[in-house]
There are 4 protein chains.
Amino acid sequence: MTHGQQSSRQDRSGRRAVSADLKDRRRSEILAAALRLLSERPYAAITMSEVAAAAGVAKGTSYLYFPTREALFLQLLAEHYLGWFDAFDAQLQASAVTNLDGWIDGLLQDFARRPLLLQLMGVLHAVLEHNVPVAEVLVFKRQLAQRVTASGAALEQRLQLSPGAGSRLLLWLQAIVPGLAQMAAPPAPLRAALLAAPDLSGFVIDFSAELRRLLLALIAGLRTCPETLHDPRA
Amino acid sequence: MTHGQQSSRQDRSGRRAVSADLKDRRRSEILAAALRLLSERPYAAITMSEVAAAAGVAKGTSYLYFPTREALFLQLLAEHYLGWFDAFDAQLQASAVTNLDGWIDGLLQDFARRPLLLQLMGVLHAVLEHNVPVAEVLVFKRQLAQRVTASGAALEQRLQLSPGAGSRLLLWLQAIVPGLAQMAAPPAPLRAALLAAPDLSGFVIDFSAELRRLLLALIAGLRTCPETLHDPRA
Amino acid sequence: MTHGQQSSRQDRSGRRAVSADLKDRRRSEILAAALRLLSERPYAAITMSEVAAAAGVAKGTSYLYFPTREALFLQLLAEHYLGWFDAFDAQLQASAVTNLDGWIDGLLQDFARRPLLLQLMGVLHAVLEHNVPVAEVLVFKRQLAQRVTASGAALEQRLQLSPGAGSRLLLWLQAIVPGLAQMAAPPAPLRAALLAAPDLSGFVIDFSAELRRLLLALIAGLRTCPETLHDPRA
Amino acid sequence: MTHGQQSSRQDRSGRRAVSADLKDRRRSEILAAALRLLSERPYAAITMSEVAAAAGVAKGTSYLYFPTREALFLQLLAEHYLGWFDAFDAQLQASAVTNLDGWIDGLLQDFARRPLLLQLMGVLHAVLEHNVPVAEVLVFKRQLAQRVTASGAALEQRLQLSPGAGSRLLLWLQAIVPGLAQMAAPPAPLRAALLAAPDLSGFVIDFSAELRRLLLALIAGLRTCPETLHDPRA
DNA sequence: TATGAATGAGGGTTCATTCAT
DNA sequence: TATGAATGAACCCTCATTCAT
């Protein structure tokens, strides 16, 4: 019964991250491990021990790189959020101005390809921001702000929106997208029951289809009544 | 043990809910206690022990009325959701057709008056639905479906929307409203820091103002392009 | 969600056990319910609520007939023990003196037909005797003593044992039989693992076969060395 | 809470079991604490909190060394079982072949010196095996199997038994000994009542005396009819 | 006699985080 | 820098028994 847990632990010499480079690498390994686990189970079901084990480091080591569990996942969210913005920007440049549907299709695919982004966005405000040093949240928010501003401006041009409407749309997406994603993913038994009840099947929604509809309406509205954004009461 | 809050067990006679009526009352007491606590701290920080203590009953008694912690809070959400629908319906009838702004004002006030509704909506899909007997969730969903259908139809008339747009709007609100509410309520220290940073003050949003903007755009869009809801691809 | 648990509860008029006869009947119903449940799951997994529900009475009613949970099951044990003695005595009279094997076969079948007796014997000393009013245990023990004495004497004749050996054998059976029964019934996963391990399959024993062997040896020994029972040191 | 037993957290330095050796020591401390408690009250009345407190560690620490409460006590049983086998083997070698009574005396003393072994044997099959990872139970069973085989063989020689009778006897002891021990140790009030009732004093048995009688009969039987172990029907 | 609402002490276990090594 | 042993508060829920009705 003596465990021998160290068995699968390869030679530890050189495992000490002395240079900044090595530290970055170690940090990335931990994040990658968290990412892997997140594709298997929801955020709430992942423990720091598991992340550490999956990354091949000791539990305490994770805390050398991230002050709290939430900070780790916030970092993960940050990276994937930036990746999403990259794809978003590329999308924006690639598609023709006249093709709104095509652009939306691309956007939906970007989200569909990043299920973990949807997951983490859903816990960002409720959880992650609550146990991360403010300074770290600010770094994240600042990155976000820059991308929102830049991509928002591009978006305005691309979709022929009034000034401010682009970044507003992006801000709203932060609220809409995870909300819709959670609605679209009920626990399996509930989903089955909903599908079986004719009067409730309306609650089984398709994330992409629903987001498409919402976006179409929103963009149409922003184009039609650009002044609403500057309503004096708002 | 140490505390013995309201110890000495005040006279227990009459504390026994023996009729259906009394049982309903007791049930309501427990819900009211949960509600009270929810106005003090977030859902995640409330334990069943606290709820029971606040209701003046033993811990086990709570479980006589609700099978799980989540079921208790789902019930709380259900009641407040229905209350909101009542107000919503009344609003709909009271205001003149021509006065969109006034109607939205009323809607925003309905939400503002129910901060706990916003809180619970935010954990509905992520938490509450995960540890409640499916049958109970279905009861809730069915109530919701009926109200969404009825109020949605009224909404269509009132806002001159195309068929289906009313209930769609209500469905979307379920995703949008809690998302926006969470964005609007960062932890105090973070909020302070955001306000202090000029480039980040855009992240400090005002729930009502933001929801107004979003609704105006959404309604305008639905009015302009009613066909988007029936897009073949959606 | 109002429960309506009383649905399946038939007309309660006349359900009040006023006469001694009715009380006996009610008592038997409760015991029968416990028996039914005991055939489905082990003693430790049966709650008083379940017994009451299965008997169609309220929880409190069970306590009108039995002072404690253990007393209820002790009563169940008592009845089945007496039933076993009846069969044992019959067996003793029916079989011919010369046929030891046949008699043992009958005995084994008696046990095999009463799995619940084996279960309850296993918790008699460790559990049941610990939370039953002493007076009730004494009643049980006295019944037992009488049967042991009587059947023991018959056994001595039948098996040609020395005086005292018969009741001794019966006493020992009380220790041996439940012990062997528990050994013979490991949890399913363990059983599977034991069978899969060649060196451990010896631990998967067959209750009847093992008891037969033990009895044969014991009886042979008692016949050979009758004086051991009266060893001055013992 | 109220107590704060050994509160003020005495100097924790050196309390960290960092080497395998120290871990073994810590593990033993926990086992020793459990053993101490077991001498005061029955297994069922001992909680993990108590064990941890008695060992001077935090509750969670116990779970670092044993996956479940049952696993802890199974380990305790295992160690004492092996100790008993050591004594048993020594006994076997020490005593002369001709002196059966002397050997049995030694055996009885071995048991009498290990009251906790008797206790734990009594819950092995009914409780311990039910909440311990199968792998751990197998380790225990394997150790047991080896000892049973080896000591069984020696026993056959010593007692001049037929092949297989030695290990069989040891197997049977696992069922007989705890059963007899439980019979011999009724709750104090019951014991008093039994002694006071002339017709029931037969139920107050002396563990050692009774086991001696049973063993004498069993050994005599096995010597007389060695073929019963290989009865085709068994 | 019958009911079933109420009790409340406990139960085992988990896990983010710390810190001695 | 890395480790992983140690912490301990916290958690949800159960259930035998009581007693007001």
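Letters A, B, ... mirror the listed sequences (proteins, then strands); counts begin at 1.
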What's the [atom1]-[atom2] distance between [X] and [N], to the nearest Å?
{"X": "D21(C)", "N": "dT1(E)", "atom1": "CG", "atom2": "C1'", "result": "16 Å"}
{"X": "H130(C)", "N": "dA16(F)", "atom1": "NE2", "atom2": "P", "result": "18 Å"}
{"X": "E50(D)", "N": "dG11(E)", "atom1": "CD", "atom2": "C1'", "result": "11 Å"}
{"X": "R25(B)", "N": "dA5(E)", "atom1": "CZ", "atom2": "C1'", "result": "15 Å"}
{"X": "K23(D)", "N": "dA20(E)", "atom1": "NZ", "atom2": "P", "result": "19 Å"}
{"X": "L22(B)", "N": "dG4(E)", "atom1": "CG", "atom2": "P", "result": "15 Å"}
{"X": "Y65(A)", "N": "dT17(E)", "atom1": "OH", "atom2": "C1'", "result": "18 Å"}
{"X": "I30(D)", "N": "dT13(E)", "atom1": "CD1", "atom2": "C1'", "result": "15 Å"}

ask   = Of all residues at least two apart in sequence or in a different chain, which pass the ring pair (Phe, Tyr, Trp, His ring centres under 6.0 Å) check with F73(C)?
value = Y43(C)

Show the distances under 3.5 angstrom between N or O atoms of the protein and N or O atoms of nucleotides 14-16 of chain E.
unit_1: dA16(E); atom_1: OP2; unit_2: M48(A); atom_2: N; d: 2.9

query = Can you list the stems that DNA chain E is part of, where a stem is at least 3 pairs in a row, each Watson-Crick or G-U, with both distances below 3.5 Å?
reply =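 The stems that DNA chain E takes part in, listed by first number, are E:2-21 with F:2-21.
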
Name all residues meeting the salt bridge (charged side-chain N to carboxylate O under 4.0 Å, His left out) criterion together with [X]; count only those two or more places apart in sequence or in a different chain, and write none if there are none.
{"X": "E129(D)", "value": "K141(D)"}
{"X": "R36(B)", "value": "none"}
{"X": "E50(C)", "value": "R41(C)"}

Under the side-chain hydrogen bond (donor to acceptor under 3.5 Å, both in side chains) test, which residues partner [X], sequence neighbours left out?
{"X": "Y63(D)", "result": "none"}
{"X": "K59(D)", "result": "S49(D)"}
{"X": "E70(D)", "result": "N131(D)"}

ask   = Do R27(B) and Q75(B) have side chains that get closer than 4.5 Å, going by heavy atoms?
value =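 Heavy-atom side-chain distance check passes, below 4.5 Å.
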
request  = Please round to the nearest 0.5 Å and tell me the distance separating atom CG of L22(C) and atom CD of E29(C).
outcome  = 9.5 Å

